[in-house]
Amino acid sequence: MLGDDENNGVLRGCAQCTFGVFEEQAAKNTNREILVEFDKAVQGLTADIISHTAFGSSYKLGMEAFHAQKELQAIAISSLLNVQIPGFSYLPTRRNRLKWMLEKKLRSTLMRIINSRLASRGSGYGNDLLGLMLEACTTTEQGGKQEQLSLSMDEILHECKTFFFAGYETTSILLTWTVFLLSVYPEWQERLRAEVLREVGKGNPSGDNLGKLKEMTMVLHETLRLYGPALFMQRKTVTDMVVGAITIPNDHAVVIGAPFMHRDKKVWGEDADQFNPMRFANGVARAAKVPHALLAFSIGPKACIGQNFAMLEAKSVMATVLQKFSFALSPSYVHAPADFLTLQPKFGLPVVMKLLDV
Ligand code: HEM
């Protein structure tokens, strides 16, 4: 992906843009407050960030592809519980036609981005995610160059979609629940603000000073434990297995529910249901009775490849918010965490943000 400095530049730029607008609006109000639908604001922000990171200069087309993919995702979620009638997906119903149109648009937009990159080969593919992927596709195992791409166009398209899908919503949800918890626990909001002002000051966060935000890291880990965006992971057994008292035959699907594991008192202690970031004071591996108890990014060979980026992104955005605003839940907030494939606040997260005195 982009180098650390470039990543930081993207993160900073996008966050300053979003919260700069809120800052201006709040400054116009006599009470210096503004009501923000925080979940929606950070969704736009993380989409912006992943589009810049993945597609760099082709960012605008990337956002078009992103919007098409998001609509497709909404269609998929809304038809999740429908009875599946064989052949129905081939009928030209209104929904199917919309789906086909969006799929076509998504494919053609991504193809335009990829083809223009392939055409610019002489000057390098670029140092964003797509550029690095294309570079890797034309590099042989011995480090030489080859004409033929080692991934097919469909595989490259699929990777682009995966990065959008995996990379934007999860991080926006992490930010949403972090702001929820810091609103409910204002003492932690104050602690984190003090840490940000001490380590980062009022200027732009950098990779170096974000790395010093220890309490912020603890709060993000505790948020991932209590309100982790990814709810379930699926695996398939490749041999007969015995896990504790359960025997699982070969070729069976196993669903691992992170929320159950994350609130297990045998693993996390009697306060498993409480918000206690201090449990992460000595690192993730020592937070519970077993070292791999936090499954928010999964573990093993299928673990999230974007986890360091996600943590950096979350710290950068939270640092920007805490530098500028104090915040509290709006009285209209209704607590209803819901399973939309990821764990989301069903009725959103309306937050009252108050501009801090400079
Ligand atoms: C808070 C943010 C995030 C969370 C909680 C999260 C969580 C996860 C989890 C649990 C998995 C494993 C799924 C499984 O085991 O079946 C995963 C995989 C993945 N994540 Fe993330 N993720 C986050 C952010 C990101 C970001 C920012 C990116 C990209 C920039 C990303 C890219 C990926 C990819 C490509 C995979 C698939 C890896 C593979 O199958 O080999 N994720 N993520």
Side-chain angles (χ1 to χ4, degrees), residues 1-4 6-8 10-11 14-15 39 42-56 59 62 65-66 69 73 127-133 136 151 155-181 210 216-238 253-262 280 284 292-318 337 339-345:
M1 236 183 272
L2 304 177
D4 262 5
E6 284 156 297
N7 264 335
N8 264 312
V10 168
L11 299 176
C14 294
D39 53 318
V42 282
Q43 256 188 39
L45 173 60
T46 54
D48 232 28
I49 292 173
I50 193 73
S51 192
H52 274 288
T53 312
F55 299 120
Y59 149 81
F66 163 75
Q69 187 166 342
Q73 198 183 329
N127 64 350
D128 51 31
L129 195 59
L130 175 62
L132 296 181
M133 186 159 64
L151 290 181
E155 285 168 328
I156 295 174
L157 282 169
H158 187 73
E159 292 296 324
C160 291
K161 291 185 207 166
T162 304
F163 267 94
F164 260 141
F165 179 73
Y168 99 96
E169 192 170 84
T170 42
T171 316
S172 81
I173 296 172
L174 169 59
L175 287 162
T176 298
W177 289 120
T178 305
V179 162
F180 163 74
L181 284 165
L210 287 177
M216 172 89 82
T217 311
M218 285 155 49
V219 165
L220 290 173
H221 281 142
E222 184 67 338
T223 308
L224 284 167
R225 183 182 75 83
L226 288 172
Y227 292 93
L231 289 165
F232 299 101
M233 283 156 280
Q234 287 197 34
R235 296 292 183 268
K236 202 157 124 188
T237 50
V238 289
V254 180
V255 177
I256 303 152
F260 307 112
M261 315 286 274
H262 284 169
F280 287 102
V284 174
H292 299 302
L294 188 70
L295 297 173
F297 291 112
S298 186
I299 48 172
K302 294 287 289 174
C304 177
I305 57 167
Q307 55 185 293
N308 291 339
F309 180 75
M311 289 298 282
L312 185 72
E313 185 176 352
K315 282 182 207 174
S316 178
V317 173
M318 284 312 302
D339 176 0
F340 290 103
L341 296 183
T342 45
L343 184 70
Q344 303 186 29

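All ligand and atom numbering here is 1-based and tracks the order in the structure. Below, each value reflects all heavy atoms present in this structure, side chains not excepted, and no hydrogens, waters or symmetry copies. The chain is numbered in sequence order, starting from 1. Bear in mind that the values here come from a model prediction, so they are computed numbers and not experimental data.
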Spell out, as yes or no, whether a donor-acceptor pair under 3.5 Å connects the side chain of H52 to the backbone of Y59. no
Set of ring pair (Phe, Tyr, Trp, His ring centres under 6.0 Å) partners for H221, sequence neighbours left out: F280
Identify, by atom number and element, the atoms of ligand 1 in contact range of I50, meaning under 4.0 Å from any of its heavy atoms. 30 (C)
Can you check whether T46's main-chain N or O pairs, donor with acceptor, with S172's side chain at less than 3.5 Å? no
Counting only nitrogen or oxygen atoms and a 3.5 angstrom limit, does K302 reach ligand 1? yes
Side chain, backbone, both or neither: F309 near ligand 1, heavy atoms under 4.0 Å: side chain
Side chain or backbone, does Q234 bring an N or O within less than 3.5 Å of an N or O on ligand 1? no
Working to the nearest 0.5 angstrom, can you tell me the gap between W177 CH2 and L220 CG? 15.5 Å
For ligand 1, which atoms sit closer than 4.0 Å to a heavy atom of A230? 10 (C)
One finds that the ligand 1 atoms under 4.0 Å from a non-hydrogen atom of L174 are 1 (C)
Which of the atoms in ligand 1, numbered in the order shown and given with their element, are less than 4.0 Å from a heavy-atom of M233? 14 (C), 15 (O), 16 (O)
Counting heavy atoms only, name the option from L295, T170, I173 that's nearest to atom 24 (C) of ligand 1. T170
For I305, the atoms of ligand 1 under 4.0 Å from one of its heavy atoms are 34 (C), 35 (C)
My understanding is that we take every heavy atom of each candidate and find the minimum distance to atom 26 (C) of ligand 1. Doing that for G167, G228, A310, which one comes out nearest? G167
Considering G306, C304, A166, which one's heavy-atom position lies nearest to atom 8 (C) of ligand 1? C304
Measuring centre to centre across the rings, with the benzene-like ring taken for any Trp, is F163 within less than 6.0 Å of F66? no
Sorted by first residue and then second, give each side chain to side chain donor-acceptor pair (under 3.5 Å) pair with at least one member in residues 296-305; sequence neighbours left out. R235-S298
Any chance CE of M233 has more than 12 other-residue heavy atoms, nucleotides or ligands included, within less than 6.0 Å? yes
Tell me whether ligand 1 is touched by T46 - counting only heavy atoms on the residue side and a distance under 4.0 Å. no
Considering only heavy atoms, which of S172, S298, A296 lies nearest to atom 5 (C) of ligand 1? A296
Closer than 3.5 angstrom, by distance alone: can the side chain of T53 be matched with the main-chain N or O of I49 as a donor-acceptor pair? yes
Would you check if the side chain of E313 reaches a backbone N or O of T171 as a donor-acceptor pair within less than 3.5 Å? no
Side chain or backbone, does R235 bring an N or O within less than 3.5 Å of an N or O on ligand 1? yes
